Each structure stands twice: as C-alpha cells, then as structure tokens.
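The analysis underlying the following values was restricted to heavy atoms, covering all of them including side chains, and did not include hydrogens, waters or symmetry mates. The structure presented is a predicted model; accordingly, all values stated were derived computationally and were not measured. Protein chains get the first letters and strands the later ones, always in sequence-line order, with residue 1 at the start of each.
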Amino acid sequence: MSSRPPKSLLTYAVLYLIFLYAPVILLPLFAFNDSAIIALPLSGFTFHWFGLLWDTKALHEALYNSLLIAVVTAIGSTTLGIFAARAAARYEFPGKRGIVGFIMVPLVLPEIIVGVALIVVLIQLGLSLSAWTVIIGHVLICTPFSIAILQSAFNNMDRSLEEASMDLGESKIGTFFRVILPLVTPGIISSLLISFTISLDEFIIAFFLTGTDVTLPVYIWGQLRFPARLPAIMALGFLMVSLSFFLLLTAEYFRRRANRLTGNHTRSDNGIFQ
Amino acid sequence: MKTPQKINDQIIAIEGVKKNFGDVTALDGVSLNIREGEFFSLLGPSGCGKTTLLRMISGFDSPSIGSVYIGGSDMTNVPPNERPTNMVFQSYAIFPHLNVAENVGYGLKKQKLPNDEINRRVEEALALVDLEGFGARESHALSGGQRQRVALARALIMKPKVLLLDEPLSALDKKLRETMQSELRKLQRTVGITFVLVTHDQEEALTMSDRIAVMFDGKIAQLDTPEGLYKRPKTKRVASFIGVMNFIPAKVVASTKTKLSLEVEFLGKINVTASNKIKPGDKITVGIRPEMLTILYGETDKADNVFSGMIVSASYYGDMTYYEVELKNTDINVMVSMRNTSGRPVLLTGTTARVGWGCESITVFDG
C-alpha cells in the first residue's frame with residue numbers, strides 16, 4: 001500500500017510544476033488576447049492572430065520544410081533504430097556494449113557542437129546547405145531516441161515466440177512479418193512520433209544547417225525581431241506546443257502498448273518517460 | 001555416416017551426438033532410439049543436456065558431431081520449419097497479439113489451407129484439449145493451464161510425427177500439474193503420436209513415460225522403463241535420482257551361484273541374491289529402497305537379514321510413516337517406509353527397533 005506524501009512534498013511538487021509550465025501557459029493566454037502588446041491585463045478574446053498565420057506565405061514555406069524534414073527524419077532514424085535495436089537484442093558480439101553506448105552519445109552531446117561540427121564537415125564535402133542537410137543532423141540526434149524506444153520493444157520479446165513460429169512451419173521472413181513486426185509495431189509508431197516531434201521542434205541544428213530552406217523554429221527566431229508580430233508567434237507557438245503534447249502522449253500510449261504486448265507488465269524502463 | 005538400420009517401429013534415431021557451446025560440453029556422445037507411438041522422457045538435473053537434446057530433435061540446435069534421424073531420414077541439418085516435429089515450449093510461447101483460434105491455426109495458415117478447413121481443424125484441436133468455444137478468447141485472458149492447452153492444440157493440429165514437450169508442467173501449481181500429468185498421458189494414447197518429454201521431475205517421468213533416458217553430464221546414464229529404472233538402477237547416481245535409496249558400503253566375503261555373503265562394517269554378515277561377476281574381497285555398495293526395509297514388530301516377524309537400531313525421526317503421512325533409523329554400532333542411517341496398518345502403531349523417536357530386509361530386495365553397486 002502506498003501512503004500519502006507529506007504536505008511539504010506536495011507543496012514542493014505543485015510549485016515545481018508551476019515553474020515548469022507557467023511560461024507555457026502564457027502562450028495560449030496571449031495567443032487569444034486582442035492586443036498587439038504582450039502584457040497584462042488582457043484586453044479581450046480574438047482569433048485574429050491565427051488568421052494572420054493563415055495569411056503569411058513565408059510561414060507556409062517554413063511549415064512545409066519543417067514537415068518534410070520531420071517526416072524524413074522520423075522514417076530515417078526509426079529505420080536505423082530498428083536495425084540497431086534488433087541486432088542489440090538478438091546477437092552477442094564483441095564490444096556490443098561499447099558500440100551501443102557510442103550510438104547513444106548524441107543524446108548528451110550539446111546540439112551546438114553537433115551543429116558546428118556538421119557544418120564544417122558538410123562544407124568540406126562541398127555540399128550546399130538545404131533541408132537535406134538539416135535531415136542529416138536531425139537523424140543523428142533522433143536515432144538514439146529511436147534506439148532507446150525500440151530496444152525495449154525488441155528486448156522484451158520472448159525469444160521462444162520466434163522459435164514457436166519457426167516450429168509451426170513458418171520461414172524466417174514469414175516469422176518477421178507475422179510475429180516480430182506486429183509485436184514491435186507499437187514501438188515503431190512511438191519511435192516515429194517522438195523523432196518527428198523532436199525534429200519539428202529542433203532549433204540549433206536547423207539554424208546552422210538550414211541554408212535558405214528555413215524551418216518553423218528558425219522562422220520564429222527570425223520573427224522575434226518584430227514586436228508587432230509577437231502575438232502571431234504566440235499563436236504559432238501555441239499550435240506547436242499543442243501538437244507536440246498530442247504527439248508525445250500518443251507515442252507514450254504506443255510505447256506502453258508495446259511493453260504490454262511483448263509480455264512485460266511491470267517494467268517500463270528504457271523509455272524516455274518513466 | 002552410415003544410415004541406421006531401419007527398424008520398423010523406430011521414429012527417432014540419435015547417433016553419436018556431441019554438442020559444444022564454446023568450452024562447455026552440453027552433450028558428450030549420445031546415441032538413442034525412440035520408438036513410434038511411445039511416451040519417452042529425457043530426465044535429468046538442470047544442465048545435464050536434456051533440453052539441448054530436445055532442441056536438436058526440433059532443429060533449434062545442431063550437433064557439433066553426430067546425426068539425428070527422424071522417420072528414417074537424416075534431419076541433422078534440416079531447419080525446424082521443415083521438420084515433422086512440433087514443440088510445446090516451457091513458456092508456452094503463446095503469440096500475445098493473436099487470439100486462441102489464431103494461435104492454434106497459425107501453422108495451418110502458413111500452409112494456405114481454405115479458411116473453413118482451418119476453422120474446422122482449429123475447433124477439433126480445441127476440443128481435443130477441452131477448450132471448446134475458447135477460439136475467440138484473447139490470449140492474455142488465459143490461465144496458466146489454459147495457455148498450456150492452447151500450446152498443445154497449436155502443436156497437435158500440425159499432426160507431427162513427434163511432439164516435443166520442454167518441461168511443460170513446471171510453470172503450473174502442484175494440483176494442476178498432477179491433473180495435467182494424467183491428461184497428457186491420456187491425450188498421448190488418444191492421438192497415438194510419439195511424445196518426447198523433457199523434465200527434471202523424476203515423479204513426473206515415472207508416472208507418464210513408457211521409457212525414460214536418465215541423463216547426467218551430457219551422457220545417457222540409463223535408458224529403461226520406469227519400473228526397470230526404479231528396481232534395477234545401474235549406478236548409485238541413477239538410484240538416488242530416481243526415488244530414495246539407502247546405501248550401505250560392504251565387502252564381499254563369500255559367493256555362491258545364487259547367494260552373496262557380505263561383510264558390513266560394524267554390522268556383520270548380510271545375505272543378498274547374487275548378481276554376476278562379483279568376487280570375494282571386492283568392495284561394493286548395497287542399495288535398498290525404503291519400502292523394502294521393514295520395522296519388525298515382536299518376535300514373530302522374520303526377515304533374511306535383521307539388524308537393530310534406534311529411530312531418530314518419524315514422519316507420519318497418513319497412509320505411510322517414514323522412519324529414519326540409525327543402525328546399532330554404526331553411523332549408518334537408513335530410511336524405512338512403513339504402511340500404517342492396524343496392530344502396527346507408529347513408533348516414537350528414540351525407541352529401539354529391529355530392521356529387516358529380504359535377500360532379493362537389494363541392489364549391488366560396484367565400488
């Protein structure tokens with residue numbers, strides 16, 4: 001039986017949550033505020049700023065770039081993640097721990113370092129900066145997340161399920177499609193959603209590698225110079241935060257489903273969210 | 001490698017199989033034949049190689065040296081999906097994303113059979129394991145016993161030549177395990193398929209099998225019927241693995257064609273029925289089962305050999321009482337099991353008792 005936490009701890013937790021989320025709550029507040037100035041008191045309710053977003057052509061281009069980059073990044077990092085996670089779960093080879101650890105390093109590497117390093121390498125290679133160079137950077141930082149998610153899906157899978165399938169006459173490829181894939185699909189969806197979200201929100205690497213194909217965060221950064229556009233940015237920010245929340249919650253739902261399907265009822269480690 | 005002589009009732013032939021995992025020798029020269037339609041058990045402690053041998057029959061492991069024949073053909077390097085064997089896994093390996101009917105019909109679907117035939121055979125297979133009407137049930141909603149039945153149905157629907165069972169009862173509680181033991185035996189008679197069971201539980205092997213191969217350290221120590229193993233164990237290790245056996249070190253004093261006269265340290269002479277090639281002067285060990293020893297009540301009870309001792313513990317089981325008796329002037333303790341009948345009250349710890357046994361109830365081991 002779990003007991004109730006002491007009052008002081010509860011107060012601390014509430015304060016902590018306010019500190020975390022108060023700035024974010026300001027977004028919807030000013031996104032719907034009928035005033036060009038970001039200040040209290042609020043002066044009225046409006047959808048005007050959202051309408052303004054609708055009319056801004058440059059924004060649509062940035063949105064298109066961001067979505068393209070996010071979709072390709074999600075597919076790329078998830079595919080790489082599937083290979084790595086399957087190999088790590090299934091095979092024993094010398095230096096396995098080291099290799100897997102090495103793949104995970106970008107998780108803690110400062111993005112600005114990754115960004116600078118990549119721009120130096122890409123320019124040396126003679127590549128021009130575009131959406132595709134951003135994709136390279138984003139795949140690099142998203143792959144560790146994909147591996148972390150997929151590894152728990154693959155690791156939790158009982159090896160004898162594959163053997164049972166082979167025993168019942170199914171081929172190796174058939175077993176992959178009839179047993180392994182269905183069992184790790186929730187993990188794959190979760191990985192796609194999380195890498196999509198990370199890519200969509202990522203600023204530093206995009207800022208370095210984007211060239212002329214600006215992404216949404218880079219566009220927002222550019223707009224911050226114009227105070228008059230700030231409420232519209234608030235509206236855009238509100239939409240992006242809502243979308244991210246929705247995607248992350250969906251991803252978490254699928255991650256838990258993956259754990260449940262593969263017969264793991266209690267453990268929820270290896271995930272990004274505990 | 002020569003083809004094994006085709007004996008008409010032999011379904012599996014293992015010939016000189018060795019298996020190494022790195023430095024570890026899992027199987028060290030195993031040869032054995034399994035007959036068509038029999039319930040065969042591989043019995044041994046964990047790490048004895050019994051599971052490796054089963055996985056070699058199923059095709060999940062291949063021998064380092066040696067051959068595996070199933071139904072007369074060499075299957076040594078045939079993958080599991082092309083073998084006429086099916087397996088019930090220790091964890092049952094029920095596909096969690098499929099319901100009961102989809103699990104049972106999994107192998108048939110691969111064979112591209114028409115749907116109504118699959119459905120009909122799934123129903124038949126479920127009926128065979130007493131799970132009629134469970135087809136639509138989700139697999140995570142099944143109890144341990146039901147999961148095992150699904151695993152059985154899923155394997156039997158393939159009509160294998162051999163059904164392999166890897167410790168199928170170890171995950172069940174005692175009561176359910178006993179029920180499933182007799183059900184498995186009945187099921188085997190119904191379907192008439194050869195069953196090969198791997199178990200570490202000697203009682204399970206004894207009650208279910210036609211024949212048992214007892215394995216130690218990657219080798220077959222003895223292959224016999226349950227009765228043969230119990231009554232005529234070849235080594236002390238087999239004897240103490242199958243049931244309980246009392247061991248008494250002895251020296252041969254004299255032997256005739258039929259009788260051996262043995263000198264037991266501190267105890268004096270005992271007489272046993274002779275087995276072959278034991279000469280006077282040999283050091284041997286005699287083995288005797290607890291139920292072959294008797295506590296003699298009063299002067300009228302007689303036996304070929306009688307020794308006195310003191311009861312050091314008595315465990316009452318209702319129908320039986322198990323005594324531990326320390327034989328007089330020795331440090332030998334023997335286990336005696338006595339049926340509780342009227343006129344033979346349960347004796348208390350600390351009382352002296354006379355222990356008797358007959359000549360023919362003793363097994364003689366070398367060394």
Side-chain angles (χ1 to χ4, degrees), chain A residues 82 85-86 89-96 149-191 253-268, chain B residues 21-22 51 54-55 57-61 78-99 102-113 118 125 138-140 142 147 150-160 162-168 171:
Chain A
I82 289 174
R86 168 75 175 164
R90 180 64 189 277
Y91 301 105
E92 285 303 324
F93 45 90
K96 175 171 142 180
I149 295 160
L150 290 164
Q151 236 187 342
S152 82
F154 277 100
N155 273 343
N156 290 342
M157 208 172 66
D158 182 1
R159 177 80 190 273
S160 63
L161 292 174
E162 280 173 57
E163 292 188 339
S165 168
M166 294 283 289
D167 189 61
L168 292 164
E170 191 52 89
S171 63
K172 271 192 176 160
I173 295 169
T175 297
F176 183 79
F177 283 106
R178 287 182 73 190
V179 176
I180 300 172
L181 205 57
L183 290 178
V184 297
T185 294
I188 291 174
I189 294 175
S190 167
S191 159
Y253 166 78
F254 278 105
R255 198 184 66 79
R256 290 189 182 200
R257 213 174 115 92
N259 279 353
R260 207 169 59 233
L261 256 186
T262 45
N264 195 312
H265 302 275
T266 48
R267 257 180 50 192
S268 64
Chain B
F21 294 106
T51 302
L54 193 78
R55 290 175 63 84
I57 299 173
S58 62
F60 293 119
D61 280 327
V78 176
N81 50 334
E82 290 165 28
R83 293 197 185 201
T85 60
N86 285 106
M87 177 114 127
V88 173
F89 289 82
Q90 187 169 14
S91 63
Y92 307 141
I94 304 297
F95 302 125
H97 58 301
L98 303 177
N99 68 20
E102 288 164 338
N103 260 285
V104 176
Y106 186 90
L108 296 185
K109 204 172 162 194
K110 163 72 182 172
Q111 295 172 4
K112 302 261 171 14
L113 296 178
I118 294 181
E138 289 300 325
S139 48
H140 57 78
L142 298 173
R147 298 173 79 81
V150 172
L152 269 169
R154 188 176 68 179
L156 286 171
I157 202 171
M158 304 302 290
K159 302 196 168 129
V162 182
L163 183 75
L164 308 168
L165 303 118
D166 184 10
E167 306 243 10

| said: Tell me if the NZ atom of K172(A) is crowded by more than 12 foreign heavy atoms within 6.0 Å. | reply: no

| Enclosure of F21(B) CZ (heavy-atom neighbours >12, cutoff 6.0 Å) | yes

| task | With side chain to side chain contact (heavy atoms under 4.5 Å, CB included) as the test, would you mind laying out the steps for R55(B) and E163(A) before giving the verdict? | result | CA-CA 10 Å; R55(B) 290 175 63 84; E163(A) 292 188 339; 2.8 Å; yes

| chain B contact via R159(A) - side chain, backbone, both or neither, heavy atoms under 4.5 Å | neither

Check each atom of [X] against the heavy atoms of chain A and say whether the ones under 4.5 Å are side chain, backbone, both or neither.
X       : result
M158(B) : side chain
R83(B)  : neither
I94(B)  : backbone

Return a table of donor-acceptor pairs under 3.5 angstrom between the side chains of residues 105-112 of chain B and protein atoms on other chains or two or more places apart.
from: Y106(B); atom 1: OH; to: S165(A); atom 2: OG; distance (Å): 2.7
from: K110(B); atom 1: NZ; to: E170(A); atom 2: OE2; distance (Å): 3.3

| Backbone of R178(A) reached by a side-chain donor or acceptor of H97(B) within 3.5 Å | yes

| field | Pairwise side-chain contact, P96(B) with L161(A), heavy-atom cut-off 4.5 Å (strictly under) | value | yes

| query | Is any side-chain heavy atom of F60(B) closer than 4.5 Å to a side-chain heavy atom of D167(A)? | reply | yes

| Mind checking what makes salt bridge (charged side-chain N to carboxylate O under 4.0 Å, His left out) contact with R90(A), not counting sequence neighbours? | E162(A)

| Distance (rounded to the nearest 0.5 Å) between N81(B) CG and L168(A) CG | 10.0 Å

